[in-house]
Number of protein chains: 2
Amino acid sequence: MNRSKKKVIQIAAAKLFRDRGYAATSMRDLAEAVHLKASSLYNHISGKEEILKDICFETSQRFLEALEEVEKKDISYSEKIRHLIQLHIQTAMTDVTSITAFNDEWRHLSEPHLSTFKTIRKEYENRFRDIIQQGMDNHQIRNGDPTIILYTILSSVRWLYDWYRPDRVLTSSELEDSIINILMSGIAK
Amino acid sequence: MNRSKKKVIQIAAAKLFRDRGYAATSMRDLAEAVHLKASSLYNHISGKEEILKDICFETSQRFLEALEEVEKKDISYSEKIRHLIQLHIQTAMTDVTSITAFNDEWRHLSEPHLSTFKTIRKEYENRFRDIIQQGMDNHQIRNGDPTIILYTILSSVRWLYDWYRPDRVLTSSELEDSIINILMSGIAK
DNA sequence: CCTACCGATCGGTAGG
DNA sequence: CCTACCGATCGGTAGG
């Protein structure tokens with residue numbers, strides 16, 4: 001019944017899912033992480049999959065909201081793309097653990113959640129791709145296959161959770177600038 | 001005892017590991033995929049982890065050999081980086097299933113394999129990073145944090161296994177050119 | 001290569 | 001929130 005306890009469980013679960021993966025994390029592992037017995041978890045959640053489902057949909061919600069915000073802004077298309085890259089990096093850095101479940105563990109969802117998740121994800125990608133396409137139409141982005149550009153951007157930002165730990169020397173804005181610079185202008189001189 | 005049967009098992013396992021993950025793949029799933037009973041698998045392999053270990057180390061071996069070849073070439077540093085990106089894409093496209101285990105499932109290895117794998121991987125990254133650093137020293141690559149550049153390149157190429165299926169309209173060399181172009185010259189006009 | 005089976009562990013429930 | 005326990009499934013072995 002306690003709302004915050006559910007959140008504590010979710011955060012502990014996200015950490016375990018990142019470190020071992022969803023399938024390799026047992027309810028007993030999770031219970032131990034929050035100092036409970038496995039059976040007591042069920043006072044706060046309905047089952048293992050509910051946690052994964054919540055993590056996946058809450059994270060996708062945050063990405064969609066960020067996208068919506070960028071879409072509404074009255075700026076150039078290349079500025080919109082810069083903003084989206086920046087938002088991805090910031091999201092990945094402030095909630096590094098949930099991102100992993102969102103990226104890699106969603107496939108363990110069962111129906112109907114799996115289909116819903118895929119649909120949301122596809123919609124996000126389509127709207128991001130539209131911005132890239134419009135950037136090309138308006139001669140702000142170099143011509144090319146917008147799908148390849150889309151996935152190259154998304155992938156570049158995906159590795160962050162694998163590497164970034166909050167005690168890093170490198171500041172967040174230095175990292176953002178570097179990655180945006182590579183994607184927008186390339187590494188060649 | 002049959003060598004090719006072991007290979008058949010390994011290929012089927014790589015496919016299952018990609019689709020469901022290592023932990024969520026049971027020996028019974030694997031047995032069914034190669035038309036055997038679970039117990040019969042043990043005539044060809046010593047256990048579940050051996051398959052994962054073989055996939056991980058064989059794949060890392062292929063990447064190291066490709067790196068070595070590029071290092072020896074008498075070409076500019078930016079050409080070496082182009083070559084490495086190309087080799088990653090080609091490897092990912094010719095053996096799309098093993099790459100997933102290599103990328104995402106190695107963490108399920110137990111010691112001492114886990115440490116060995118991490119060491120090999122780190123060495124690969126260090127040598128790739130050296131080429132980037134030398135590219136900067138020789139004014140062929142824009143100045144920046146070589147680690148960020150390294151991971152941005154590796155990540156860009158990592159998503160391929162998630163997306164590419166061999167029946168694609170897009171040819172391999174078109175894909176290579178596009179990704180190399182994005183990374184070397186950027187997407188901005 | 002199979003049948004038969006092992007102990008361990010899984011997600012989850014009953015009942016208090 | 002716990003103890004006690006469920007049936008199912010896990011990786012793997014014995015023996016033929």
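Just so we're on the same page: letters track the sequence lines, and every chain starts at 1.
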Between [N] ([atom2]) and [X] ([atom1]): distance, integer Å:
{"X": "A:Asp29", "N": "C:dA8", "atom1": "CG", "atom2": "P", "answer": "18 Å"}
{"X": "B:Leu41", "N": "C:dC1", "atom1": "CG", "atom2": "C1'", "answer": "11 Å"}
{"X": "A:Arg28", "N": "C:dG11", "atom1": "CZ", "atom2": "C1'", "answer": "7 Å"}
{"X": "A:Ile45", "N": "C:dG11", "atom1": "CD1", "atom2": "P", "answer": "10 Å"}
{"X": "B:Asn43", "N": "C:dC2", "atom1": "CG", "atom2": "P", "answer": "9 Å"}
{"X": "B:Tyr22", "N": "D:dC10", "atom1": "OH", "atom2": "C1'", "answer": "12 Å"}
{"X": "A:Leu30", "N": "C:dG12", "atom1": "CG", "atom2": "P", "answer": "11 Å"}
{"X": "B:Lys48", "N": "D:dG12", "atom1": "NZ", "atom2": "C1'", "answer": "12 Å"}

Next on the checklist: Taking A:Arg127 first and then A:Glu123, would you say they form a salt bridge - that is, a charged N and a carboxylate O separated by under 4.0 Å?
Outcome noted: yes
The side chain of [X] is closest to which nucleotide in this list: [options]?
{"X": "B:Lys5", "options": "C:dC1, C:dT13, D:dG11", "value": "C:dC1"}
{"X": "A:Leu36", "options": "D:dC1, D:dG11, C:dC10", "value": "D:dC1"}
{"X": "A:Ser40", "options": "C:dG12, D:dG11, D:dC1", "value": "D:dC1"}

Checklist entry - Have B:Ser60 and B:Arg121 got a donor and an acceptor in their side chains that come within less than 3.5 Å? => result no
Checklist entry - Which word best sums up how the rings of B:Tyr124 and B:Phe63 line up, parallel for under 30°, tilted for 30 to 60°, or perpendicular for over 60°? => result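 Because their plane-to-plane angle is over 60°, the rings of B:Tyr124 and B:Phe63 count as perpendicular.
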Checklist entry - Across the strands shown, which category fits A:Thr25 at heavy-atom distances under 4.0 angstrom: base, sugar-phosphate, nothing? => result sugar-phosphate
Item to check | Whichever of B:Gly47 and A:His35 has its nearest DNA chain D nucleotide further upstream toward 5' | outcome: A:His35
Does [N] have OP1 or OP2 sitting under 4.0 Å from an N or O in the side chain of [X]?
{"X": "B:Ser39", "N": "C:dC2", "value": "no"}
{"X": "B:Ser26", "N": "D:dC10", "value": "yes"}
{"X": "A:Lys37", "N": "D:dA4", "value": "no"}

Next on the checklist: If you define the side chain from C-beta out and look only at heavy atoms, does anything of B:Asp54 sit under 4.5 Å from B:Lys6?
Outcome noted: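 Counting from C-beta outward, B:Asp54 and B:Lys6 do come under 4.5 Å.
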Item to check | DNA chain C base-pair string [pairs: Watson-Crick or G-U under 3.5 Å; |: paired with another strand] | outcome: ||||||||||||||||
Item to check | Full working for side chain to side chain donor-acceptor pair (under 3.5 Å) between B:Gln133 and B:Asp137 | outcome: CA-CA 6 Å; B:Gln133 182 64 60; B:Asp137 295 346; 3.1 Å; yes
Next on the checklist: Centroid separation under 6.0 Å, is that true for the rings of A:Phe128 and A:Tyr151?
Outcome noted: no
Checklist entry - Quick one: are the ring centres of A:Phe102 and A:Phe117 less than 6.0 Å apart? => result yes
